[in-house]
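Fair warning: this is a prediction, and the values are worked out from it, not measured in the lab. Within every chain, numbering begins at 1; the chains are lettered A, B, ... in the order of the sequence lines, protein sequences first and strands thereafter.
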Amino acid sequence: MGVPVKPGRAEAADIAARNDSPAAAGIVRASFCRPLAGPALAALALPLACLLLGTDYALGQATLVATYAIAGLGVVLIVGQAGQIVLGQGALVALGAYAEALLAAVGWPPLLSLPVAVALGACGGAIASLPARRLGGLYFGMSTLAFALVVEEVLTRWSGLTQGAAGMLVPAFGGGGWRAQTPLAQFLVSLVALALAWMACRRLLRSRLGRAWRAIREDEAAAAACGIDLARTKSAAFILGGGVSAFGGAFYAHWIGFISPEQFGLMLSFELLMLVFLGGVGRLSGALWGALVIVAVPQLIAVARDALPGEGVGSAGLETALFGAVIVALVLWRLRGEKRRGGSLR
Amino acid sequence: MSAARALFLACLLLGSLLSATQAVAQVAAPGVSDREIVVGSILDLSGPAALLGAPVRDGMLLRFEDANAAGGVHGRKLRLVVEDAGYDPKRGVLAARKLLQRDQVFAFLANLGTPVVMATMPAIVDAGRLHLFPFSPHESTYSPLHPLKFQMFPPYQDYMEAATRHMVKSRGYSRACLLYQDDDYGLEVMKGVESGLAKLGQRLVERTAYKRGATDFSSQIARLRSARCDLVVLATVVRETVAAMTEARRNGWAVDMLVSASGYSSQTHELGGAAVEGLFGVSVLPLPYADGAPPRLAAWIGRYHKRFGADPNVWSVMGYVLADLFVRGAEQAGPELTTARFTAAMERLHTDGDFLGSPGYRFSPQDHLGSRQGRLAQIRNGRWVMLTDYLE
C-alpha cells in the first residue's frame, strides 16, 4: 500500500472500457470473467464436499463461508479498494446482527429488517470514519479499533435492549409463514445474499467512486490533486463497507441463532482482516477464498484428523498447528504468485 | 451477470438433489450399533476455556474406558468423539453438524460454553439427539421441560442463593457486597445473591463489575472498601479471585470473601498462596486431593495420573461424574437402546453420591435438572476444606 504499481485488472478495464478495440473488449471480458472463476470453482467443490462430509455438514459450512464472505466484501471495499486500515470491522458486523435480531424478534420480515440492518452498519461505518479527517495510516486504524471496543461495550451495557452479556436468541430467517430452518434453505438464502452483495460491490468498483478509492489507495496527494475529495471518498468506503458487512452480520445472527457481544470482539475483526488478506484484499473473490480458508479449513483438518491412526480425541494441538501451517503455506504461496506477476500482496 | 445466474441455478439443482439423497440416508437409531455407542462432545481444547476442556474430556474418557473394560453397556463399547470449538459459536455449529451427520452420535455430552451451547442446542434437539449436561448456566438447557435435554450442574443462581443465605445467617454479616464479571455468569450469580439476601430482609450494599480478563482490581476493591462491606461475594474465575483478594489484603483489608464454584479450584490457592487463606467458596463437586484421600479415591487419582500424565482437578471429576450418569442411564435403558428409552431411564434415575463426593442426582419426568445444591468450603493451610454438606 502506498507504493505505486502498474494498473491492476480493474484499472485496465476502466481504461479499456473507454476504447472500442477488440483487445480492449478482451480485457473487459477477462476482467469480468476471471473473478467469477473463484465462485465457480467453489460451487464445483461443493458436491465433492457433500459426498465426503455429508450433506448437512457441507451445506452448513458453505452457508457460513458465504456469510463470512459477505462480511469480508466490506473489508475488501475499505482496505483493498480505498486503502484504509480497519481494525474494527467486527463492530459493523455486530450492528447488522443486532439490528436484524431485534427486528426479527418483533416480527419484522427480512425485506424490511435487512435494509435497516444495512443502514445501521452504514451509520456505524460513517462514525468509524470520522477520525479519518484528521488521522491517517496506523493511527486511524487504531481509532477503528477503539470504535469496535466502544460498540462491544455499548452492546454489553445496554442490556435493556440487547440483553447485555447474557446474549439473545435469534429466530430463524424468514417471513410470511416460511422459515429457513434446513441447512439447504439456509445455504440457498446465503448464496442469494452473497450474489446480491457481490453484484453491488462489482458495480461500485466499476463506478467513479471505485476509481476514486483506488486513486486514494495508490497516492492520496495525487488523488487530491486530481480533485478527489479525500475525506468524503474515504467516508463513502466506510459507509458502504459497513453496510455490506452489516448485511453479512444480519445473516450470521440467523444462522448461529444466538448472539452475544463477545462474539463480535476484536477476534472477529482480526479474523475478517486475515480472511481478506489470505484471499486477496484487492479482489472481491478474495473475500470468498479467504472465507473458505477461515471457515472450512479447520473443519477439513478435523475430518482428516479422524482418519489419522491413534487417538483422534487427543489431538487438539495438532489441529491448531495444522491450521497455522496451512495459513503460513497459503501466504507464502500467494506471495510467490504475486511476485511472479510483478505485483504486491494484496 | 449470466455466469452468476448459471452458478446460482447449478447450486439450486445440486441442493435439491442432495436433499433427496439425504432423506434416504437417515434410518435406525443413530450412533447405536450392536458393537458400540457413539457419544459426541463439543469442548474447548483451544481458546480461552482450554484449561477446562482437556480435563473434562479426560474425565469422560476414563469413565468410558472403565465401562468398556467391564464389558461395555449391554455389550456395547462406548466411543467418545470430541470436537474443539474454542469458545467460538461458528466453530461450534460446524462441529455439531459434523457430529450429527458424519459421526452419527447418539448423544451430546458436556458441550462447553454458553455461546457454543446456545448456538448448537437447537440443531441437536431438532435432529432428535440427546443434549446432556452442558457446561452452561443458561436455564434453557433444562427448562422448559424437553425430552432430550438434561442438566446436572446446579444453576449459579440456586446454589449462590443458598450459600449466601447460609453465610449471612451463620456469621451475622449485615453489609454484603458483590464483585462480578460483566457477563451472563456474573449476572446469574448476582441474581442468586440478591435473592438470598432478600429472604433475610437484606440488600446488596454495593456492587461493582469488571470486564473478563481484567488484571487490576484496585478501583473495585477501593469502592467496596469505602462502602464498608463485611462480606464480599465474588462472581469471579480463578485468576480474578486471586487478584481481587490479593489487592484487598495488600491494602490491609481483611474482609471475608465468598467465591462461586468458578473460583473453587486448586489453582486458586496454588496461585494465591497466603493472600487467599480464609477464602470461602462454593463447591458443586469436591476437588480430588491425593493427600489424605480415602483408598478408592486415591486409586482413582493414581489411575487418572497414569493414563493422562497429569493430576486430576475438579473439571476431571465433573467429566467423570457426568459420563458416569450417562453410563447409568444407558444401562437402565436396557439392551434395546433408543433415545426414548434413554429419556425414560434418565427420568427414573436417582443416585446417592459416590467416592468422588458428588451429591445425589435426582431426575424425574417433571424435572430434568439433577441437582440444585452446592456446599461451602474454605481455604485453610493451602487447600480447600469442606465446611458443610450440600446446602438445601
Item to check | Contact class of A/L268 relative to chain B, heavy atoms under 4.5 angstrom | outcome: neither

Item to check | Which portion of A/V295 sits near chain B, non-hydrogen atoms under 4.5 angstrom | outcome: both

Checklist entry - Is the backbone N or O of B/L94 less than 3.5 Å from a side-chain atom of A/Q61, with the two atoms forming a donor-acceptor pair by type? => result no

Next on the checklist: Between A/I301 and chain B, with a heavy-atom cut-off of 4.5 Å, which part of the residue counts as in contact: side chain, backbone, both or neither?
Outcome noted: neither

Next on the checklist: Between A/I256 and chain B, with a heavy-atom cut-off of 4.5 Å, which part of the residue counts as in contact: side chain, backbone, both or neither?
Outcome noted: both

Item to check | Largest heavy-atom contact set with chain A, pairs under 4.5 Å, which of B/Q181, B/E188, B/K211, B/H138 | outcome: B/K211

Next on the checklist: Using 0.5 Å steps for rounding, measure from the CD atom of B/Q101 to the CG atom of A/D56.
Outcome noted: 4.5 Å

Checklist entry - Of B/V117, B/V116, B/T114, which is the lone residue that meets side chain to side chain contact (heavy atoms under 4.5 Å, CB included) with A/F258? => result B/T114

Checklist entry - Can we say B/K90 and A/E271 salt-bridge, meaning some charged N sits less than 4.0 Å from an Asp/Glu carboxylate O? => result yes

Next on the checklist: Working to the nearest 0.5 angstrom, can you tell me the gap between A/S159 OG and B/L187 CG?
Outcome noted: 7.5 Å

Next on the checklist: What part of A/Q181 gets within 4.5 angstrom of chain B, counting heavy atoms only: side chain, backbone, both, or neither?
Outcome noted: neither

Checklist entry - Considering residues, nucleotides and ligands other than A/M168, do more than 12 of their heavy atoms fall under 6.0 Å from its CE? => result yes

Checklist entry - Which answer fits B/P89, side chain, backbone, both or neither, if we ask what part of it has an atom under 4.5 Å from a heavy atom of chain A? => result both

Item to check | Separation of A/R157 CZ from B/D182 CG (nearest 0.5 Å) | outcome: 4.5 Å

Next on the checklist: Need one label for A/Q163: side chain, backbone, both or neither, based on atoms under 4.5 Å from any heavy atom in chain B.
Outcome noted: neither

Checklist entry - Does any heavy atom of chain A fall under 4.5 Å from the side chain of B/D126, the backbone, both, or neither of them? => result neither

Checklist entry - Atom OH of B/Y87 and atom CD of A/Q263: how far apart are they, to the nearest 0.5 Å? => result 10.0 Å

Checklist entry - Of the non-hydrogen atoms in A/Q299 and B/R91, which two are nearest, and what is the gap between them? => result NE2-O, 4.2 Å

Item to check | B/A54, part contacting chain A, at a heavy-atom distance under 4.5 Å | outcome: neither

Next on the checklist: Using heavy-atom distances under 4.5 Å, tell me whether B/D58 contacts chain A through its side chain, its backbone, both, or neither.
Outcome noted: neither

Item to check | Euclidean distance, A/L64 CG relative to B/R97 CZ, rounded to 0.5 Å | outcome: 7.5 Å

